[in-house]
There are 2 protein chains.
Amino acid sequence: MYAQQIANIELPTQSAVHLDGALAQPVSFFPAGTEIYAQGEKAGPLYQVEFGAVRVYRLLADGRRQISAFHMAGETFGFEADATHHFFAEAINATGIRVVRIAAVADMSRQLLPLALKGLIRAQEHLLVLGRQNAIERVAAFLVDMTERQGGLRQVELPMSRLDIGDYLGLTIETVSRVFTRLKDKGVIRLLGLRSIEILKQDVLLDMGE
Amino acid sequence: MYAQQIANIELPTQSAVHLDGALAQPVSFFPAGTEIYAQGEKAGPLYQVEFGAVRVYRLLADGRRQISAFHMAGETFGFEADATHHFFAEAINATGIRVVRIAAVADMSRQLLPLALKGLIRAQEHLLVLGRQNAIERVAAFLVDMTERQGGLRQVELPMSRLDIGDYLGLTIETVSRVFTRLKDKGVIRLLGLRSIEILKQDVLLDMGE
DNA sequence: CGTTCAGTTGAACGATGTCAAGGAGGGTGG
DNA sequence: CCACCCTCCTTGACATCGTTCAACTGAACG
């Protein structure tokens, strides 16, 4: 429904492996919308985003989708508590992924723990957004997060669609769109393109998102 | 506002320390409503629940509260990505906590990683509940979770108030109450006491909580 | 036996979802 | 290079669910 199954191509690469002790791996290329792993599949390796963006999500039986996290260049994902994936992961757009096959995760736990903890904190903070913030606060928090992850520039590039944003923030696509319009009308942001946003009033955005 | 600052009493104890390599610690007693740690405090030790129950939460400036997790006997909490607590932790009712002071967290990462990953999965699954489920589904998911954590018995003891449940599920206390009534009227549950529930139709509850 | 606090219930409101139509941008083929 | 198409996005009207505000109930405790 959301994923396309397309064989991915391995690219030669020269960039360094970040995890010591792991098997060095080339970068795999995933076209937009392709599946990286699926719920129920056997887990094991970790995944490092070289370029592009990834969405990690779960589905309810009736098709409702919750994106639990977006992963951008430099980030590592794919952690599981047992040997099975509990989520789906897909490339949002053309994405390069380094698959890190780890001989024994336990042996590398020293390096892995900080990454897992970062993911934990992120997820718990997102719980506050989903549980207690209204639509405009959610979008503001999202935009603040995206700007921070892009180095705090005034201009933000959103790699994902409105649908993805909605499924991440627990909103419908229509509500996301209306909030964008409201922020635009208030002069808080300016839409340079559909997926390119300029922050005009960072302070306002900051204390909207809490 | 939510926490009372009451000095806690150390209890002698004979039960085993679960984490090898950590300093053995006695069990501290926290009366109902007392703070275990606060947001902004220096983090470091981990906490193991011996008996009782704990809520971990964040607050918004205007007092809105999101409980990110409940911790029951046997569970470990207090993980942080950096040296600072990003959340508050309080005893829900009379609770025994073993404070595990770890010389170097990195040295114990082999044991810690599985615990952190379990917390991560739990948080991510809760995101689905908060982002995409309606009131009755949220309460159903909560009840299923509580029964599973109490060994799958038909009778569930809820250590927390309706307010806590609401703040965990992103609902108001009134909505939680109304959903309980609806489940009771449907014959899915029976209220033995305010905080004691009998599950009459586990199957119905299960596929409500999806 | 009264007081208090947690929980329940009701009525009205409001935010967000749903359904439907219209618009804009990007890609493709003529 | 233009026209068309398809997808994504926006906007509007209305429905719905959950919140808010308020009153009431009941259990626990002195």
Side-chain angles (χ1 to χ4, degrees), chain A residues 1-2 4 31-33 55 60 62-66 92-94 129-142 157-186 189-197 208, chain B residues 1-2 4 32-33 55 60 62-66 92-94 129-143 157-186 189-197 208:
Chain A
M1 177 176 186
Y2 288 101
Q4 309 163 32
R55 58 181 168 246
L60 289 173
D62 59 6
R64 282 176 288 177
R65 181 179 69 154
Q66 177 63 43
I92 292 175
N93 26 43
V129 174
L130 294 188
R132 285 299 177 215
Q133 304 213 140
N134 62 28
I136 200 162
E137 292 170 327
R138 294 184 198 199
V139 172
F142 169 72
E157 301 303 319
L158 304 178
M160 69 292 286
S161 69
R162 297 285 187 274
L163 182 62
D164 284 338
I165 297 172
D167 284 350
Y168 177 64
L169 297 178
L171 300 170
T172 60
I173 185 174
E174 293 94 333
T175 300
V176 172
S177 182
R178 278 186 253 267
V179 170
F180 273 27
T181 304
R182 268 213 280 167
L183 290 174
K184 198 179 56 182
D185 292 348
K186 282 187 175 184
I189 61 171
R190 198 159 68 92
L191 294 169
L192 305 173
L194 278 177
R195 300 192 182 178
S196 182
I197 291 180
M208 269 179 165
Chain B
M1 180 177 187
Y2 287 103
Q4 309 162 30
R55 59 180 166 246
L60 289 174
D62 60 4
R64 282 176 288 178
R65 182 179 69 155
Q66 177 64 42
I92 292 175
N93 26 44
V129 174
L130 294 188
R132 286 298 177 217
Q133 305 212 139
N134 62 28
I136 200 162
E137 291 170 327
R138 293 184 199 200
V139 172
F142 169 72
L143 289 176
E157 301 303 319
L158 305 179
M160 68 292 286
S161 69
R162 298 284 187 275
L163 182 61
D164 283 340
I165 298 173
D167 283 350
Y168 178 64
L169 297 177
L171 300 170
T172 60
I173 184 174
E174 293 94 333
T175 300
V176 172
S177 181
R178 279 185 253 268
V179 171
F180 273 32
T181 303
R182 268 214 280 166
L183 290 173
K184 200 180 54 181
D185 293 348
K186 282 186 174 183
I189 61 170
R190 198 158 69 92
L191 293 171
L192 305 175
L194 278 177
R195 300 192 182 180
S196 182
I197 291 179
M208 269 180 167

- Query: How long is the line joining CZ of A/Arg64 and P of D/dC17, in whole Å?
  - Reply: 12 Å
- Message: Rounded to whole Å, how long is the line connecting atom CG of A/Asp185 with atom C1' of D/dT11?
- Response: 12 Å
- Query: Using a cut-off of 4.0 Å on non-hydrogen atoms, how would the nucleic acid contact of A/Gly166 be classed: base, sugar-phosphate, or nothing?
  - Reply: nothing
- Look at the side-chain N and O atoms of A/Ser177 and state whether any lies under 4.0 Å from the OP1 or OP2 oxygen of D/dT11. no
- Could you tell me the separation between the OG1 atom of B/Thr172 and the CZ atom of B/Arg178, rounded to the nearest 0.5 Å? 7.0 Å
- Message: Rounded to the nearest 0.5 Å, what separates atom CD1 in A/Ile136 from atom OG1 in A/Thr175?
- Response: 11.5 Å
- Task: Identify whether any heavy atom of A/Ser161 sits under 4.0 Å from a base atom; if not, whether one sits that close to sugar-phosphate; answer base, sugar-phosphate or nothing.
- Result: sugar-phosphate
- Taking all non-hydrogen atoms of both residues into account, name the closest pair between B/Gln66 and A/Gly131 and its distance. OE1-CA, 3.2 Å
- Under 4.0 Å: is that the gap between some side-chain N or O of B/Thr172 and OP1 or OP2 of D/dT20? no
- Between CD1 of B/Ile136 and P of D/dT16 the distance, given in whole Å, is 17 Å
- Kindly say if A/Arg195 contacts the phosphate of C/dG25, meaning a side-chain N or O under 4.0 Å from OP1 or OP2. no
- Can you find an N or O donor on one side and an acceptor on the other, under 3.5 Å apart, linking the side chain of B/Arg178 with the base of D/dT20? yes
- Within this structure, what is the CD-to-P distance between B/Gln133 and C/dG17, rounded to whole angstrom? 15 Å
- What's the closest nucleotide to the B/Glu174 side chain, out of C/dT8, C/dG7, D/dC21? D/dC21
- Message: Expressed as a whole number of angstroms, how long is the span from B/Arg182:CZ to C/dT8:P?
- Response: 14 Å
- Message: If I take atom NZ in residue A/Lys184 and atom C1' in nucleotide C/dA24, what distance separates them, rounded to the nearest angstrom?
- Response: 12 Å
- side-chain N/O A/Thr175 vs C/dT16 OP1/OP2, d < 4.0 Å: no
- Message: What is the distance, to the nearest angstrom, from the CG atom on A/Asp167 to the P atom on C/dG17?
- Response: 11 Å
- Task: State, to 0.1 Å, how close A/Asp167 and B/Arg132 come at their nearest heavy-atom pair, and which atoms those are.
- Result: OD1-NH2, 2.8 Å
- On DNA chain D, more 5' by nearest nucleotide between A/Val176 and B/Leu194 is A/Val176
- Atom CG of B/Asp164 and atom C1' of C/dA6: how far apart are they, to the nearest Å? 12 Å
- Note on the structure: On DNA chain C, more 5' by nearest nucleotide between B/Phe180 and A/Ala135 is B/Phe180
- Note on the structure: Smallest heavy-atom separation, B/Ala141 atom then B/Gln133 atom, equals CB-NE2, 4.1 Å
- Task: Would you classify B/Arg138 as touching base, sugar-phosphate or nothing, given that sugar-phosphate means primed atoms plus P, OP1 and OP2, and contacts are heavy atoms under 4.0 Å?
- Result: nothing
